[in-house]
Amino acid sequence: MDFLLEAQTALNISTWADFFNDWFLVVFTVFLAFEFLRYIAIKKMSWNVIGDTITNYITLLAFYYIAIITTGAFYIASYFQIHELAIFDIETNWATAIICIILADLVYYWEHRFMHRVNLAWSTHTVHHSSPYFNLSVAYRFGPLDGILPIFFHMPLILLGFHPLVVIVAEVLVQLYQTGLHTEVIKKLPRPIEFVMNTPSHHRVHHGSNAKYLDTNYGGIFIIWDRLFGTCVEEDEQVVYGLVEPINSVNPIIVFFHGFYRVGRKVIRANGFKNKLGYLFGPPEFEPQDVGGVKPRSSQALE
Amino acid sequence: MSQHPSWTRTLYGLTFTVLFFTISAWAASHIASTNKPIGFVDTSYEEVVSGYVLTEEEYLKAIRNGPLNSHDEEEAIGGSTLNESSISASSGGLRVAVNGVRNNKGSIIVMVFDNVAAYEEYDYNRAVGFTQIDAKKGTVNVTFDNLNSGPYAIVILHDENQDSELNMKNGIPQEGYGSSGAKTAYDEPSFEQASVNSGKVIIKMFYL
């Protein structure tokens, strides 16, 4: 247990994170092949699924280019700059890295909730939710600005005094954990696990466009935050994946930019500044008062 | 979702989050062992210094720089600013209390130097005071009646295996060591920093 308290270099910790990251990619590709075999077995295989999967990886590359190559330097530099103002002096060791991961998970809850309830952020995150399928390749379906928002939400961790590289490691691990949740193959796990951890079941609910499943289960690694803050819903009916208004396309350009297009169109067409602001910063279901206000959303017809 | 959390619920959530963050970070700032690997340098800004395999020169150089993070470490009281004798030189000799001896094995060696060269080489042949007594766990007291002025720099060693040497493995001391003026296990005070006058001096024995 003492080794948890030994001073570590942040570089050492991030090297371990890279190791896991790389190996998970290998494991998940194998698992994806298994999911495809399942599609064949239950007669759900189609060209559309294959196209959707390829598009997922294309969005991953595009996201990677935008988030890491273009802004990566700014990302890291801004962290180190702000770190100069750190409130606490926190030594880098495995114990404090674990604490950082837990805090990063709590940060992610709020960041994720923000991405679903503020149109400006939803315009990029909707890409991830736009697939009508649910398999591991969907985990890699990213939107254009998905990598930018985390910078701001994780600043508090830097300010508190965690080492910048450790914060980045924590972000990566919170994402990595969730990658494995994007599957229909794993059914509900034992109750204690389902109570604390985010699971494939919880995450299926999060991706559902059923009325009762919308805007729930925002957690990254732990579902406990959703329980605390009142956004947790259990899986009981079959999940309908995708958006309330489906995009019905596997074209990577359409998939990648449809969020910007939809929100942008609403903002531009809106009458009056107040309505434009409403579309920009309001929730996805926002409609101006004179058009009847907010309509309830669901992918299923309301009775 | 048919029922979104109310603004109140959200506010409670955010408040909880801020408190949770602050308390966790405060706790994290206190989670650190007092042991660090030898030659440790936080490498976020510099090149990786890997591992603990150092020659004795590299080790001594590394500990001279000390760790970058500061912690509340127990302070060894030594050096001319901190002992009673800085108020007035006495004629009671030099009374050294060695704290923190970890067991009863072997002997405690105390060497007193009055010149820079001998001190830096730990050359006990040129020490003005030298004694070797049985180790006792806790505190061991040694008096040099004839040492009545100063400045003196005192070096101590817990020679557990009685070979009259500070045994090292991979550059890491395997036995106890210390000196006047050393506040942490990594301090290597200069003669000036280690200087004490006659009177009572407390020195801490360090182990890694």
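Residue numbers begin at 1 in each chain, while the letters A, B, ... track the order of the sequences.
The environment of NZ in Lys137(B) is sparse: at most 12 heavy-atom neighbours from other residues, nucleotides or ligands sit within 6.0 Å. Summarising the local packing, OH of Tyr75(A) is surrounded by more than 12 heavy atoms from other residues, nucleotides or ligands at distances under 6.0 Å. No more than 12 heavy-atom neighbours from other residues, nucleotides or ligands sit within 6.0 angstrom of CD on Gln81(A). Atom CZ of Phe130(B) is surrounded by more than 12 heavy atoms from other residues, nucleotides or ligands within 6.0 Å. Counting non-hydrogen atoms of other residues, nucleotides and ligands closer than 6.0 Å to CZ of Phe88(A) gives a total above 12.
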Q | Check against side-chain contact (heavy atoms from CB on, under 4.5 Å), Phe229(A) and Thr10(B) | A | CA-CA 7 Å; Phe229(A) 305 139; Thr10(B) 307; over 6 Å; no
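Within the 4.5 angstrom heavy-atom criterion, only side-chain atoms of Phe16(B), from C-beta onward, approach chain A. The part of Phe162(A) that comes within reach of chain B is its side chain, from C-beta onward, which places non-hydrogen atoms under 4.5 angstrom from that chain. Heavy-atom distances place no part of Ser6(B) under 4.5 Å from chain A, backbone and side chain included. Heavy atoms closer than 4.5 Å to chain B are found nowhere in Leu4(A), neither backbone nor side chain. Both the backbone and the side chain of Leu228(A) come within less than 4.5 Å of a heavy atom of chain B.
Contact between Arg9(B) and Gly230(A) at its shortest, heavy atoms only, is NH2-N, 3.2 Å. Taking each heavy atom of Ala25(B) and Ile90(A) in turn, the nearest pair found is O-CD1, 3.7 Å.
Listed for the Asn93(A) side chain is a donor-acceptor partner under 3.5 Å among the backbone atoms of Ile31(B).
Rounded to the nearest 0.5 Å, atoms CD (Glu91(A)) and NE2 (His30(B)) are 12.5 Å apart. Here CG of Leu106(A) is found 6.5 Å from CZ of Phe20(B). Values are rounded to the nearest 0.5 Å.
With a 4.5 Å cut-off on side-chain heavy atoms, His4(B) and Thr231(A) do not count as touching.
With chain B as partner, the option from Leu103(A), Ile102(A), Leu157(A), Ile87(A) having the largest number of non-hydrogen pairs under 4.5 angstrom is Leu103(A). Note: Trp110(A) leads Trp110(A), Tyr109(A), Trp225(A) in heavy-atom pairs under 4.5 Å with chain B.
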